Amino acid sequence: MSRSIEFVEVGPRDGLQNEAVIVGTADKVALIRRAIAAGARRIEVASFVNPKKVPQMADAEAVVEQLGRVDGVTRIGLVLNERGAERALATGLDQLGAVAVASDEFGARNQGQTSAESVAVAARIIAMAQAAGITAQVTIATAFGCPFTGAVDPARVVAMARELAAAGPVEIALADTIGVAVPAEVSALVGAVRQAVAPLPVRVHFHNTRGTGIANVWAAVEAGAGVVDGSIGGLGGCPFAPGAAGNVASEDVAWMLERSGVATGLDLARLVDTARWLGGAMGKEMPSMLAKVGAP
Ligand code: ZN
């Protein structure tokens with residue numbers, strides 16, 4: 001294989017945060033360990049947010065403590081403000097994930113910040129991580145559209161990416177938080193952001209709300225995105241984005257990319273096993289296609 005991407009498993013964070021039934025800490029840790037056994041080397045293990053707003057993440061500290069350090073694995077903690085960053089840093093995580101928002105309205109509801117404020121806060125979070133001796137990445141949420149105000153200007157996203165890149169993250173991620181993007185938009189925006197932030201890698205995060213998630217992954221990889229998110233089983237959503245459906249499933253991403261000659265480092269059979277295990281643990285059918293039909 002001549003090409004490869006870096007895969008980021010977001011199931012323990014984005015996959016679970018929208019689930020109404022609280023998943024126990026031990027099951028979260030088991031999910032993370034299974035993701036590692038299936039080849040994931042970067043994992044969003046929890047978000048350090050207000051437990052009143054996202055009760056599923058109330059045990060973030062306990063998850064990190066029970067998981068412990070894992071050789072060769074980067075454990076990412078998602079944070080929306082300095083308070084969250086302080087909590088995440090206190091756990092000894094490997095990387096902070098900051099979130100800047102392209103839409104003022106979404107920013108107000110998701111994290112109480114305007115778009116401009118979220119860029120400034122993300123820069124401060126990156127600085128806090130660096131001061132603590134670890135790295136940080138930043139995701140631009142609603143990069144392809146806002147659930148409240150509709151279209152997002154790609155020029156705004158590119159300008160944000162440029163400003164955020166100057167703060168020193170390890171990558172710039174583009175998130176289609178509500179699953180409205182189509183492949184042509186993905187190609188254009190990934191290409192433009194790549195140009196703006198090179199040599200920093202561009203990471204992509206897609207939700208399959210309207211059935212274009214997996215096609216968007218392909219468009220992004222073809223446009224040079226070096227890092228791709230997935231969620232085991234295709235779980236996911238956003239508590240502050242009405243109607244947002246699951247993330248693209250890790251096993252669907254692995255199937256498509258590996259068979260297209262793009263190495264992911266993932267073990268498809270183990271991912272499918274884990275998706276089915278998770279479906280059993282949560283008592284629901286997973287949206288993932290590979291979990292339904294299995295890996296041949
Ligand atoms: Zn998401």
Side-chain angles (χ1 to χ4, degrees), residues 5-19 35 38 40 42-44 78 99 102 106 139-147 150-152 154 157 172-191 193 202-260 262 264 266 268 271-272 274-275 278-279 284-293 295:
I5 56 101
E6 180 181 56
F7 180 78
V8 182
E9 173 61 47
V10 300
R13 196 275 306 171
D14 208 21
L16 294 183
Q17 72 178 5
N18 205 40
E19 294 295 322
R42 282 181 77 195
I43 305 179
E44 287 191 354
L78 191 106
V99 181
F106 184 80
T139 295
I140 301 178
T142 63
F144 296 90
C146 169
V152 165
V157 177
I172 300 289
L174 301 175
D176 184 16
T177 311
I178 55 168
V180 289
V182 296
E185 291 169 328
V186 170
S187 301
L189 192 60
V190 168
V193 170
V202 174
R203 171 175 158 192
V204 287
H205 176 99
F206 293 114
H207 284 260
N208 199 34
T209 316
R210 292 169 180 81
T212 55
I214 202 81
N216 289 340
V217 170
W218 183 249
V221 170
E222 286 284 272
V227 190
V228 175
D229 287 7
S231 172
I232 287 174
L235 275 188
C238 173
F240 306 101
N247 289 279
V248 288
S250 308
E251 53 276 19
D252 295 356
V253 170
W255 166 261
M256 176 185 70
L257 292 180
E258 293 282 343
R259 291 186 64 97
S260 301
V262 182
T264 63
L266 295 170
L268 184 60
L271 287 176
V272 168
T274 298
L278 186 59
K284 63 189 280 184
E285 193 184 353
M286 295 287 113
S288 149
M289 302 306 286
L290 267 290
K292 289 188 181 80
V293 299

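Since the structure is predicted, the reported quantities are computational estimates derived from the model, not experimental observations.
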Could you pull out the closest heavy-atom pair between [X] and [Y], with the gap in Å?
{"X": "Pro147", "Y": "Thr142", "value": "CD-CG2, 4.2 Å"}
{"X": "Thr209", "Y": "Ala245", "value": "OG1-N, 3.2 Å"}
{"X": "Gly213", "Y": "Val248", "value": "C-CG1, 3.3 Å"}
{"X": "Ala143", "Y": "Ala102", "value": "CA-CB, 4.4 Å"}
{"X": "Val152", "Y": "Cys146", "value": "CG2-N, 3.9 Å"}
{"X": "Val99", "Y": "Ala141", "value": "CG1-CB, 3.9 Å"}

Could you work out, with side-chain contact (heavy atoms from CB on, under 4.5 Å) as the rule, every residue matching [X], not counting sequence neighbours?
{"X": "Pro287", "value": "none"}
{"X": "Thr274", "value": "Leu31, Arg34, Ile232, Trp277"}
{"X": "Asp252", "value": "Ile214, Ala249, Ser288, Met289, Leu290"}
{"X": "Ala220", "value": "Val186, Val190, Val204, Phe206, Ala225"}

Calculate, to the nearest 0.5 Å, the distance between atoms [atom1] and [atom2] belonging to [X] and [Y] respectively.
{"X": "Ile140", "Y": "Arg203", "atom1": "CD1", "atom2": "CZ", "answer": "12.5 Å"}
{"X": "Glu44", "Y": "Thr139", "atom1": "CD", "atom2": "OG1", "answer": "6.5 Å"}
{"X": "Leu266", "Y": "Glu251", "atom1": "CG", "atom2": "CD", "answer": "9.5 Å"}
{"X": "Glu9", "Y": "Ile43", "atom1": "CD", "atom2": "CD1", "answer": "6.5 Å"}
{"X": "Leu189", "Y": "Phe144", "atom1": "CG", "atom2": "CZ", "answer": "4.5 Å"}

Q.
Test of understanding: with salt bridge (charged side-chain N to carboxylate O under 4.0 Å, His left out), list the residues that count as partners of Lys284, not counting sequence neighbours.
A. Glu19
Q: For Glu6, enumerate each residue passing the salt bridge (charged side-chain N to carboxylate O under 4.0 Å, His left out) test, keeping only those at least two apart in sequence or located in another chain.
A: Arg42
Q.
Using side-chain heavy atoms (C-beta onward) and a distance below 4.5 Å, is Ser250 in contact with Phe7?
A. yes
Q: Answer yes or no: is there a side-chain heavy-atom contact under 4.5 Å between Leu235 and Leu16?
A: yes
Sequence neighbours excluded, which residues qualify as side-chain hydrogen bond (donor to acceptor under 3.5 Å, both in side chains) partners of [X]?
{"X": "Asn216", "result": "Thr212"}
{"X": "Glu222", "result": "Arg3"}
{"X": "Asn247", "result": "Asp14, His205, His207"}

Q: For Ser231 and Val10, indicate whether the former's side chain and the latter's backbone hold a donor-acceptor pair under 3.5 Å.
A: no
Q: Write out all pairs satisfying salt bridge (charged side-chain N to carboxylate O under 4.0 Å, His left out) with one or both partners inside residues 206-217, taking only residues at least two apart or from two chains.
A: none
